[in-house]
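Atoms within each ligand, like the ligands themselves, are counted from 1 in listed order.
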Amino acid sequence: MENGAAPTAPAVIVAIDGPSGTGKSSTSKAVAAQLGLSYLDTGAQYRAITWWMVTNGIDTDDPHAVAAAADKPEIVSGTDPAGPTITVDGVDVAGPIRTQEVTSKVSAVSAVPEVRARITELQRTIAAAAPLGIVVEGRDIGTTVLPDADLKIFLTASAEARAARRSGELKGADVHATREALIKRDAADSSRKTSPLAKAGDAVEVDTTALSLPQVIECVVTLVEEKRAGK
Ligand SMILES: Nc1ncnc2c1ncn2[C@@H]1O[C@H](COP(=O)(O)OP(=O)(O)OP(=O)(O)O)[C@@H](O)[C@H]1O
Ligand SMILES: Nc1ccn([C@@H]2O[C@H](COP(=O)(O)O)[C@@H](O)[C@H]2O)c(=O)n1
């Protein structure tokens, strides 16, 4: 280069979607860290707005009540893959958004169009501001939020593998009950009218059932590098 500065790669946008427990968060965080990219957990944003609804006494089964309150909480996501953060009105909610109560209510809240419009706008703003690019994981990133992403991945895994992974995480949890809960949440997320969980037509599907987490990470890193190299 004329001024001696090293050439910088153009920002790359990677969308990683898939059902619950397929490894989206673990993979996205590791890929972003390895490639020096930002990282956005969009599920955490839907959980955060659900937490706010519950905490403020909004009936999460009433779509009108949820819609009316959708623009009230201020949700801020930190995008460092080494320490992602999530706050609501300045309160750190990283722990509270993972409770069983929030998990059981998040599909109903995230199905409300006003909620999706609000969170989608936030996600696009964050992605556009990422200096070197970003890995964004969720359910509708490749189809709706970032349809022009440079690379779209759709992770899958059998319900049995996903339940076993989650039960290992929640010590002592019953695998059968965990499997049923995953299937129920996926069904709700896939059948809603507004931006359901779906594979984009141009996404690369990776079945992680028989792959270790390091193998999945290596596979996705290779796909990003190939994309960057213009292959
Ligand atoms: N390929 C894999 N092999 C074994 N365990 C895995 C694999 N991928 C992820 N895991 C483990 O499975 C669990 C769920 O992974 P993770 O949270 O990344 O999934 P997710 O798709 O983001 O789930 P959700 O959408 O419900 O948040 C974690 O404990 C993670 O360490
Ligand atoms: N792009 C997205 C991401 C998530 N959701 C909803 O949030 C729930 C929680 O997601 P996790 O990844 O944290 O488990 C999920 O079940 C969806 O209801 C969404 O709608 N769109």
Side-chain angles (χ1 to χ4, degrees), residues 15-32 39-51 53 60 66 75 77 81 84 86 93-94 96-100 102-113 115-120 122-124 126-127 135-146 149 152-171 173 175 178-179 181-198 200 206-220:
I16 301 191
D17 291 301
S20 303
T22 49
K24 298 181 300 297
S25 300
S26 326
T27 304
S28 302
K29 235 184 285 180
V31 169
Y39 159 70
L40 179 62
D41 176 356
T42 65
Q45 297 176 313
Y46 284 104
R47 287 172 179 272
I49 198 163
T50 302
W51 174 85
M53 299 279 168
T60 55
V66 170
I75 296 165
S77 300
I86 181 98
V93 293
I97 63 170
R98 304 285 163 195
T99 60
Q100 193 46 47
V102 170
T103 301
S104 68
K105 294 183 167 164
V106 66
S107 291
V109 171
S110 67
V112 175
V115 168
R116 298 210 75 80
R118 167 96 202 281
I119 301 290
T120 297
L122 190 59
Q123 292 161 355
R124 289 181 177 149
I126 292 169
V135 182
V136 184
E137 55 117 338
R139 305 287 191 290
D140 63 337
I141 309 307
T143 53
T144 305
V145 178
L146 300 167
K152 300 177 188 177
I153 310 274
F154 194 78
L155 295 183
T156 62
S158 70
E160 288 67 32
R162 298 188 287 126
R165 291 172 188 173
R166 276 272 175 255
S167 310
E169 227 174 30
L170 316 164
K171 305 259 175 302
V175 184
T178 305
R179 182 180 178 280
L182 284 175
I183 290 173
K184 190 175 165 206
R185 189 146 63 96
D186 291 341
D189 292 340
S190 305
S191 62
R192 66 175 173 237
K193 282 206 178 106
T194 311
S195 24
L197 158 66
V206 179
D207 183 347
T208 71
T209 307
L211 299 178
S212 67
L213 181 55
Q215 286 175 318
V216 181
I217 294 164
E218 190 188 342
C219 167
V220 176

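At a 4.0 Å heavy-atom cut-off, ligand 2 touches Ser110 through the side chain alone. The side chain of Asp189, and not its backbone, has at least one atom closer than 4.0 Å to an atom of ligand 2 (non-hydrogen atoms only; side chain from C-beta on). Contacts between Arg116 and ligand 2 below 4.0 angstrom, taking non-hydrogen atoms only, involve the side chain exclusively. At a 4.0 Å heavy-atom cut-off, ligand 2 does not touch Lys105 at all. The part of Arg47 lying near ligand 2 is the side chain, judged by heavy-atom distances below 4.0 Å.
Paired with Thr208 under the rule side-chain hydrogen bond (donor to acceptor under 3.5 Å, both in side chains), one option of Arg165, Arg162, Gln215 passes, and it is Arg165.
Close contacts of ligand 2 with Gly138, meaning ligand atoms under 4.0 Å from a residue heavy atom, involve 1 (N), 3 (C). Close contacts of ligand 2 with Arg98, meaning ligand atoms under 4.0 Å from a residue heavy atom, involve 13 (O). Counting the atoms of ligand 1 from 1 in the order shown, those under 4.0 Å from a heavy atom of Pro19 are 21 (O). Here is the list of ligand 1 atoms found below 4.0 Å of a heavy atom in Leu213: 1 (N), 2 (C), 3 (N), 8 (N).
For atom 11 (P) of ligand 2, the candidate residues are Arg192, Glu137, Gln45, Arg139; the nearest heavy-atom contact is made by Arg139. One option in Arg166, Lys24, Arg165, Arg139 has a heavy atom closer to atom 17 (O) of ligand 1 than any other, and that option is Arg166.
Residue contacts with ligand 1 do not include Ala161, since none of its heavy atoms lies under 4.0 Å from the ligand. Heavy-atom separations between Arg185 and ligand 1 include at least one value shorter than 4.0 Å. Ligand 1 does not have Gly43 within reach: every non-hydrogen atom of the residue lies 4.0 Å or more from it.
Residue, atom and distance of the protein heavy atom nearest to atom 3 (C) of ligand 2 are Thr42 OG1, 3.3 Å. Regarding atom 29 (O) of ligand 1, its nearest protein heavy-atom neighbour is Glu169 OE2, 2.8 Å.
Between Gln123 and ligand 2, a contact under 3.5 Å exists for no N or O pair. For ligand 2, one of its N or O atoms has an N or O atom of Asp140 under 3.5 Å away. Checked by distance only, ligand 2 and Ser20 stay at 3.5 Å or farther apart across all their nitrogen or oxygen atoms. On a distance-only criterion, Val216 and ligand 1 share no N/O pair closer than 3.5 Å. Residue Arg185 has at least one N or O atom closer than 3.5 Å to an N or O atom of ligand 2. At a 3.5 angstrom cut-off on N or O pairs, Arg47 does not count as close to ligand 1.
In this view, Lys24 satisfies the salt bridge (charged side-chain N to carboxylate O under 4.0 Å, His left out) rule with no residue, not counting sequence neighbours.
Rounded to the nearest 0.5 Å, atoms OG (Ser110) and CZ (Arg192) are 4.5 Å apart. To the nearest 0.5 Å, atom CG of residue Asp140 and atom OG1 of residue Thr194 are 10.0 Å apart.
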